[in-house]
Amino acid sequence: MNIHSSDMDRDPSREEAEAALALLRRWAGDATPEEVATLDPLVSRLIPGQEVSNYPALARAYPEDFVVDEDYKASMPDLQNGPSSLIKGAKQQIQHVGISNFRLPIRFHTRDNGDVTLETSVTGTVSLEAEKKGINMSRIMRSFYKHSEQTFSFEVMENALDAYMADLESFDARIQMRFRFPMKVRSLRSGLEGFQYYDIALELVERAGVRKKIIHLDYVYSSTCPCSLELSEHARQFRGQLATPHSQRSVARMSAVMEEGRVLWFEDLIDMARVAVPTETQVMVKREDEQAFAELNAANPIFVEDAARLFCEQLQADPRVGDFRVVASHQESLHSHDAVSVLVEGETFDSDSIDPRLFTTLFHVG
């Protein structure tokens with residue numbers, strides 16, 4: 001039988017705590033560091049002048065021969081997989097958590113049965129349930145590396161997505177790969193050739209059990225203002241005044257959901273853009289090419305509204321394309337601001353809100 005006196009259950013007074021501290025210090029002053037450490041290493045902090053006297057000596061050389069075994073790994077802390085009590089802030093589901101701009105070389109298959117290796121920026125995210133503290137982000141990279149030696153296609157992306165969804169026990173997940181795709185382009189009249197680089201992103205999204213394959217393309221072109229063209233011709237005709245219409249470097253971002261079972265090559269989407277707006281910026285030019293480009297612009301003057309609808313027309317006509325979005329930016333040489341338009345078809349890209357910096361991401365500098 002254990003008998004507790006009433007004194008054992010009450011809170012000690014400050015005077016009693018001070019007396020106990022004085023007693024502990026007297027004992028520690030006569031004890032060896034080993035005796036203090038055996039009782040409690042923290043006791044040394046209570047002894048004036050000896051606060052770190054029994055702090056262990058730490059190795060300062062990197063232990064190259066140290067081998068991690070399973071028992072050691074099991075002993076290591078893993079806060080991200082800790083209990084929900086460790087969650088800071090609201091216990092709320094997070095739609096996207098993961099890594100961005102993880103870079104590695106990836107081989108891509110091209111329309112002409114060739115392969116090209118490109119530096120690729122990978123973004124991988126998963127959803128996080130409200131009761132989970134976090135994820136081990138290195139698992140996303142490890143899952144991706146398992147498949148990175150293969151020539152990439154959406155099928156390979158799906159395998160990587162399956163792997164890290166399983167590893168992280170998540171119900172929604174996304175992979176996006178961004179790269180610059182080179183294509184050799186011939187000049188308009190001189191026959192010169194040079195490489196045009198296209199900013200492309202592949203995106204695989206699984207949400208509520210539904211997967212979507214999305215391809216994004218930034219297409220850079222010249223836009224000649226129809227109004228400015230007509231006004232310039234008016235000055236020539238009525239006043240004999242030389243005038244030039246304003247034109248500017250412009251960018252359209254075409255984003256398309258691929259229909260299930262269909263293949264939409266990078267080159268196919270680029271060809272669609274060229275058909276819609278043929279005034280693509282040039283790589284290699286001689287004088288005859290520069291003159292041809294001026295004539296091509298005069299034959300295809302467009303407002304930003306025209307551009308969005310011309311790209312839309314090409315996307316609508318292709319059975320491989322489902323939902324899509326066109327974002328166009330004509331970066332004005334007349335005004336101090338830009339002219340922009342957004343055209344959306346389908347629910348995938350429909351949104352009441354626009355990223356405040358969306359249009360600034362369309363600037364393509366040399």
Side-chain angles (χ1 to χ4, degrees), residues 95-96 111 123 125 153-155 157-158 161 172-179 181 183 198-223 225-226 249-280 300-331 338-364:
Q95 286 73 34
H96 296 264
R111 187 174 59 182
T123 295
T125 65
S153 64
F154 272 110
E155 287 70 27
M157 290 179 71
E158 288 189 279
L161 192 78
D172 291 345
R174 302 147 197 87
I175 290 179
Q176 185 183 89
M177 302 194 306
R178 293 185 295 110
F179 49 91
F181 182 71
M183 282 185 69
Y198 299 90
D199 284 4
I200 291 178
L202 302 181
E203 191 173 14
L204 179 64
V205 179
E206 175 159 333
R207 186 176 183 185
V210 177
R211 285 193 175 178
K212 291 183 179 180
K213 303 171 184 177
I214 304 169
I215 181 169
H216 306 267
L217 164 70
D218 277 15
Y219 177 70
V220 185
Y221 59 99
S222 174
S223 60
C225 174
R249 184 181 295 181
S250 305
V251 181
R253 180 167 298 153
M254 302 165 65
S255 302
V257 176
M258 289 173 50
E259 291 286 9
E260 189 63 33
R262 303 297 186 98
V263 176
L264 181 64
W265 296 99
F266 311 145
E267 298 94 327
D268 294 337
L269 195 56
I270 293 167
D271 285 346
M272 285 187 221
R274 289 173 176 167
V275 170
V277 178
T279 52
E280 182 178 18
N300 295 275
I302 51 171
F303 294 116
V304 73
E305 301 93 330
D306 300 322
R309 288 170 173 152
L310 286 165
F311 292 121
C312 170
E313 183 179 44
Q314 292 299 312
L315 292 166
Q316 284 180 328
D318 196 304
R320 297 169 295 180
V321 174
D323 293 352
F324 63 82
R325 179 184 61 202
V326 176
V327 182
S329 173
H330 288 189
Q331 291 148 22
D338 305 326
V340 297
S341 63
V342 179
L343 188 156
V344 174
E345 182 164 302
E347 297 181 355
T348 300
F349 304 103
D350 193 17
S351 175
D352 293 332
S353 175
I354 292 180
D355 179 348
R357 300 188 64 83
L358 170 64
F359 298 112
T360 62
T361 66
L362 295 175
F363 282 94
H364 283 240

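- Counting all heavy atoms, side chain and backbone alike, V344 lies closest to D350 at CG1-N, 3.8 Å.
- Distance alone, capped at 3.5 Å, places no donor-acceptor pair between the R178 side chain and the T123 backbone.
- Residue A273 comes nearest to F311 through the heavy atom pair O-CE2, 3.7 Å, listed as atom of the first residue, atom of the second, then distance.
- Atom-to-atom distance recorded for M272:CE and L310:CG is 14.5 Å, nearest 0.5 angstrom.
- The CD atom of E206 sits 9.0 Å away from the CD atom of E158 when rounded to the nearest 0.5 Å.
- D338 contributes atom CG, which lies 9.0 Å from atom CG of L362 (distance to the nearest 0.5 angstrom).
- Judged by distance alone, with hydrogens and angles left aside, the side-chain atoms of S329 form no donor-acceptor pair with the main-chain N or O of V251 at under 3.5 Å.
- If you take CD1 on I175 and CZ on F154, they are separated by 10.5 Å, rounding to the nearest 0.5 Å.
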**Q.** side-chain contact (heavy atoms from CB on, under 4.5 Å) assessment of S255 paired with F324
**A.** CA-CA 5 Å; S255 302; F324 63 82; over 6 Å; no

* Check the pair V277, N300 against side-chain contact (heavy atoms from CB on, under 4.5 Å), reporting the backbone distance first and the verdict last. => CA-CA 8 Å; V277 178; N300 295 275; over 6 Å; no

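- Applying ring pair (Phe, Tyr, Trp, His ring centres under 6.0 Å) to F181 and the options Y198, W265, F266 leaves one that passes, F266.
- No side-chain donor-acceptor contact under 3.5 Å links Q314 to the backbone of A276.
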Would you check, one step at a time, whether the test side-chain contact (heavy atoms from CB on, under 4.5 Å) holds for R253 with L358? CA-CA 10 Å; R253 180 167 298 153; L358 170 64; 4.1 Å; yes

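- Residue R320 forms a side chain to side chain contact (heavy atoms under 4.5 Å, CB included) with just one option from L315, D268, V263, and that option is D268.
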Would L264 and K213 satisfy side-chain contact (heavy atoms from CB on, under 4.5 Å), going step by step from the backbone distance to the final call? CA-CA 10 Å; L264 181 64; K213 303 171 184 177; over 6 Å; no

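- Enclosure of atom CZ in R207 is not indicated, since only 12 or fewer non-hydrogen atoms of other residues, nucleotides or ligands lie within 6.0 angstrom.
- Donor-acceptor pairing under 3.5 Å is recorded for the side chains of H96 and R174.
- Between Y221 and Y219, the ring-plane angle classifies as parallel under the 30° and 60° cut-offs.
- Considering all non-hydrogen atoms of both residues, G346 and D323 come closest at CA-OD1, 3.3 Å.
- Between I215 atom CD1 and M177 atom CE the span is 10.5 Å, to the nearest 0.5 Å.
- The nearest pair of heavy atoms linking V342 to F359 is CG2-CZ, 3.8 Å.
- Atom-to-atom distance recorded for D172:CG and R211:CZ is 11.0 Å, nearest 0.5 angstrom.
- In terms of heavy atoms, M183 sits closest to I270 at SD-CD1, 3.4 Å.
- The two atoms that bring F349 and A256 nearest to each other are CZ-N, 4.4 Å, heavy atoms only.
- A heavy-atom distance below 4.5 Å is not found between the side chains of P319 and E259.
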